[in-house]
Amino acid sequence: MPTLEAQLREQLLADLTEPQREAVTCTDGPLLVLAGAGSGKTRVITRRAAYLAGTVATPAQVLAITFTNKAAREMRERIDALRLAGGLPVATFHAWCARTLRIHHERAGVPREFTILDTDDRRKVIKDATLAAELSPTNFPPARVENLISQAKNALRLPDRYEQQAVDWEQRAVARIYAAYEKLLRRMACLDFDDLLLRLALLLAEDAELRDRLEEQHRYLLIDEYQDTNAAQYQIARLLTQQRRNLCATGDPDQSIYGWRGADIRNILSFEHDYPEARVVRLEQNYRSTQRILAVADALISGNVRRKQKRLWTENPAGAAVRVVECETYADEAELVAREIGQAKTAGTRLDDVAVLYRVNALSRALEEALLRAGIPYQIARGVEFYNRKEIKDVLAYLRALVNPADEVSLLRAINVPPRGIGETTLERLVGHARAAGRTVLEVIQADDLQAVGRVAARVREFGVLWAQLRPLLEGPPFAALGAVLRESGLRAYYGEENDPDEGRRRNLDELLNAAREYELQQPEATVLDWLEHTALIGDVDAVREGTGTVTLMTLHAAKGLEFPVVFIIGLEDGLLPFRRENDQPADDEEERRLCFVGMTRAREVLTLTRARRRMLRGKTEYTTRSEFLEEVRRAGVEWISTETTSPSRSRHPDAGALPEDAEEWAVGTLVRHPRYGLGRIEEIARGARRTHVRVLFESGHEQAWVLEFADLTRVDFHEVD
DNA sequence: AATATTCCCGTTTTT
DNA sequence: CGGGAATATT
């Protein structure tokens with residue numbers, strides 16, 4: 001009869017290569033797995049987790065940490081599929097930190113019922129903090145301040161030290177805003193994303209007892225994508241492995257793409273220095289891509305100077321040539337991609353197997369239109385759009401305000417949706433009273449002496465009653481609470497016919513209800529608070545599903561960790577990929593190169609890189625310059641295609657060469673169409689330095705003057721009229 | 001107070 | 001071009 005360990009070996013190791021096996025089986029002590037793109041890293045890490053759980057530890061004693069929810073879900077599924085390590089915790093850094101902070105809230109000095117600020121609210125609070133610091137949000141744009149504070153937190157720098165280290169006037173100002181911001185967060189009993197890491201890192205640093213307890217609980221720590229750790233995460237990893245030193249870090253320096261949010265590639269590069277006794281396993285055989293794709297990707301990444309040399313190789317077939325297609329305009333580019341996908345589909349490719357990747361979300365629009373026209377279904381992974389929708393934020397604000405009444409942003413949002421006639425002035429008074437009396441806004445709302453607030457006191461009082469009525473919902477599960485809030489608050493009624501004629505908002509709310517129910521099925525014991533935390537930490541990117549029969553559109557960042565037989569990367573233009581901002585500090589082109597490398601190595605069989613010679617971004621069409629990345633792969637055996645001018649208006653006119661510039665297409669006598677007024681003719685036109693003014697006479701006799709750039713006018717060509 | 005309108009701004013990537 | 005904020009309107 002075979003021993004358990006022999007069975008495990010058979011099941012977990014049989015189909016692994018030698019280095020993969022080593023990574024799975026060397027159980028104790030620090031281990032660094034340098035896993036090139038497509039080298040079977042996820043497979044190794046899941047096997048390792050299961051192996052640990054079956055030999056030297058129980059499943060609960062192994063903790064696997066990822067960066068994205070997507071990665072966590074995939075790992076969870078694959079570990080479950082092995083059926084050897086049920087109950088093995090898999091979580092993102094942020095989710096695990098949130099949970100741990102909640103459990104040990106007293107030691108951590110955070111409120112037990114803290115809520116997590118979403119990106120929008122955080123910006124709002126930062127703006128308030130700027131005002132509280134007696135500075136102007138105009139001079140200190142919230143987005144910029146937010147970024148600086150985020151960087152500071154990720155670097156474990158608190159306001160005091162930030163101020164000490166400030167070297168210029170901006171930093172000194174930001175130090176004040178930062179301090180004010182922290183004060184506001186404390187008053188609101190809120191944490192932001194970065195706090196989750198920061199607070200836990202600080203807690204672990206000062207609380208040796210807790211540290212030991214946690215390490216005892218999680219004897220084996222696995223951290224995926226270690227190249228993306230920032231200072232806080234690095235600190236947490238180190239502090240959790242001080243005694244046993246059982247840290248297994250996996251990653252690939254060539255895929256480090258999160259420097260902009262504080263990730264420090266040196267964390268992985270100096271692993272061997274941090275853990276001198278570490279074992280290092282290199283996975284360099286690629287099982288994913290064709291030789292040609294790999295050759296192109298390698299040619300690109302070789303352009304990075306600050307880089308550990310690495311050879312990625314494959315036994316896969318040579319495959320089709322990687323193509324570079326230069327198009328005339330962004331519309332041509334989108335059409336080309338749509339056409340190619342259509343052809344591939346006809347030739348038998350499943351749409352699930354196709355992905356279109358781009359550097360910035362804005363590039364998806366033209367693609368969407370082209371795919372729509374071509375009748376090709378697609379799904380998009382985009383930011384946090386769903387949870388940013390008004391109706392979603394509205395109802396979540398209620399739940400947040402119920403859980404954590406100190407969360408004023410949520411409370412003040414909820415108080416007037418649906419509109420209850422409680423306006424800005426009233427809110428200001430409420431806040432004013434609360435501050436003056438040293439009470440919370442909710443206490444003021446529920447106090448008896450409301451008349452000071454003015455005529456709308458009755459309405460405010462009603463809301464206070466509603467709050468108290470809804471509050472007991474927190475005892476129950478999230479789905480029921482959500483439904484009740486929608487009903488009792490009047491939100492559901494509000495988003496009826498007249499406020500939501502096309503049912504979009506109602507559908508979104510239904511989708512949210514579904515999400516809550518689904519979550520409840522997964523986590524039967526979960527409270528409303530748990531669910532709120534979940535929604536705060538999950539994004540739309542995670543909604544991308546397989547097997548939908550659709551093409552997938554996403555950013556290069558979102559594509560990490562995925563693979564597709566057919567991949568398009570669009571917009572290979574200077575300034576776009578590599579991305580650069582005009583008055584930006586020294587841009588990190590090496591990170592951009594890695595990002596492009598990540599995109600290329602998502603492709604299994606067919607890779608196409610495109611670029612448009614003219615691109616419209618932020619409303620202006622501009623000539624572009626070819627990306628240096630294209631030059632760099634030029635001699636790696638790509639097939640270069642340059643499409644000729646095929647813009648429809650030109651091909652239809654034989655004398656296309658004489659076609660005037662756009663600006664001259666508007667003149668007195670030009671026929672135009674307006675969505676409201678219909679057909680008309682330009683009577684007068686006046687060109688200023690920046691603006692062009694026009695006066696238009698419509699068929700109806702109506703006359704109207706506009707600034708041309710802002711008028712919703714389209715030119716009507718003669719051949720379209722007859 | 002709510003809604004309609006204008007205008008002004010910026011502008012990456014994500015937990 | 002598109003969203004958010006300031007501004008005008010009812």
Side-chain angles (χ1 to χ4, degrees), chain A residues 65-72 91-98 116-120 122-124 127 137-138 141-144 147 150 153-154 191-198 225 228-230 232-233 257-263 330 357-363 365-366 381-385 387-388 390 416 418-427 454-456 459 499 533-542 554-560 571 575-584 587-588 591-592 594-596 598-599 616-621 691 706-707 709-712:
Chain A
I65 293 193
T66 64
F67 273 79
T68 63
N69 296 295
K70 202 169 46 188
T92 65
F93 248 113
H94 291 264
W96 186 76
C97 288
I116 299 167
L117 226 51
D118 71 34
T119 330
D120 269 17
R122 176 209 241 182
R123 196 159 293 180
K124 228 174 279 169
K127 196 175 161 191
T138 323
R144 161 113 184 125
N147 191 30
S150 175
K153 288 191 174 185
N154 286 328
L191 299 186
D192 65 21
F193 284 125
D194 304 315
D195 282 332
L196 300 174
L197 306 175
L198 171 72
E225 310 282 17
D228 288 331
T229 48
N230 61 32
Q233 292 160 328
I257 56 175
Y258 284 106
W260 53 273
R261 69 171 207 214
Y330 69 100
L357 311 180
Y358 35 80
R359 178 62 233 261
V360 297
N361 280 311
L363 293 196
R365 181 144 285 137
R382 207 181 317 178
V384 286
E385 222 159 62
Y387 287 97
N388 268 339
K390 182 180 180 310
N416 205 31
R420 297 191 175 92
I422 303 171
E424 213 174 317
T425 9
T426 310
L427 298 186
R455 284 186 300 285
V456 289
R459 306 263 183 86
N499 285 307
E533 185 174 297
H534 175 79
T535 60
L537 295 175
I538 205 156
D540 287 4
V541 181
D542 308 300
M554 63 176 120
T555 64
L556 289 161
H557 282 91
K560 183 148 84 152
L576 195 53
L577 183 60
F579 191 88
R580 231 172 286 118
R581 303 211 303 202
E582 273 161 39
N583 28 350
D584 211 15
D588 187 356
E591 180 155 313
E592 295 293 311
R594 291 193 292 267
L595 186 56
C596 191
V598 166
M616 182 168 70
L617 269 179
R618 62 181 197 244
K620 284 265 172 281
T621 303
R691 305 260 146 91
W706 276 291
V707 172
E709 288 85 342
F710 297 113
D712 203 1

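In the text below, chain A, chain B and the rest are named by the order of the sequence lines, each starting its count at 1.
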message: Among residues at least two apart in sequence or on other chains, which ones pass side chain to side chain donor-acceptor pair (under 3.5 Å) with A:R122?
response: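 Scan of A:R122 (side chain to side chain donor-acceptor pair (under 3.5 Å), adjacent residues dropped) gives A:E146, A:D194.
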query: With sequence neighbours excluded, what pairs up with A:H534 under the side chain to side chain donor-acceptor pair (under 3.5 Å) test?
result: none
Euclidean distance, A:T66 OG1 relative to A:D228 CG, rounded to 0.5 Å: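 OG1 of A:T66 is found 11.0 Å from CG of A:D228.
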message: Using only atom types and a distance under 3.5 Å, with no angle test, would you say the side chain of A:N154 pairs donor to acceptor with the backbone of A:R261?
response: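 Side chain of A:N154 to backbone of A:R261: a pair is present.
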Within this structure, what is the [atom1]-to-[atom2] distance between [X] and [N], rounded to whole angstrom?
X      : N      : atom1 : atom2 : answer
A:D194 : B:dT14 : CG    : P     : 15 Å
A:E424 : B:dA2  : CD    : P     : 11 Å
A:R122 : B:dT15 : CZ    : P     : 13 Å
A:R123 : B:dT14 : CZ    : P     : 14 Å
A:R365 : C:dC1  : CZ    : C1'   : 8 Å
A:N361 : B:dT11 : CG    : P     : 15 Å
A:L617 : C:dC1  : CG    : P     : 12 Å
A:L363 : B:dT13 : CG    : P     : 10 Å

Donor-acceptor pair under 3.5 Å, A:W260 side chain vs B:dT12 base: no
- prompt: Considering only B:dT13, B:dT15, B:dA1, which nucleotide approaches the side chain of A:T425 most closely?
  reply: B:dA1
query: Out of B:dA1, B:dT12, B:dT15, which nucleotide sits closest to the side chain of A:V360?
result: B:dT12
message: Please compare A:H557 and A:G423 by the position of their nearest nucleotide in DNA chain B and report the one closer to 5'.
response: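 Counting from the 5' end, the first nearest nucleotide belongs to A:G423.
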- prompt: Toward the 5' end of DNA chain B, which comes first, A:E591 or A:I422, by nearest nucleotide?
  reply: A:I422
With respect to the phosphate group of [N], does any side-chain polar atom (N or O) of [X] fall under 4.0 Å of OP1 or OP2?
X      : N      : answer
A:N416 : B:dA2  : yes
A:T68  : B:dT14 : no
A:T555 : B:dT12 : no

query: If we only count heavy atoms from C-beta on, is the A:L617 to A:Y330 side-chain gap below 4.5 Å?
result: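 When only atoms from C-beta onward are counted, A:Y330 and A:L617 do not touch, as no gap falls below 4.5 Å.
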field: Span that lies between the C1' atom of B:dT12 and that of C:dA5, in whole angstrom
entry: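 Between the two C1' atoms, the distance is 23 Å.
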task: Give A:P141 one of three labels, base, sugar-phosphate or nothing, depending on what nucleic acid heavy atoms sit under 4.0 Å from its own.
output: nothing
- request: Determine the contact category for A:F93: base if any of its heavy atoms lies under 4.0 Å from a base atom, sugar-phosphate if only primed atoms, P, OP1 or OP2 are that close, otherwise nothing.
  value: nothing
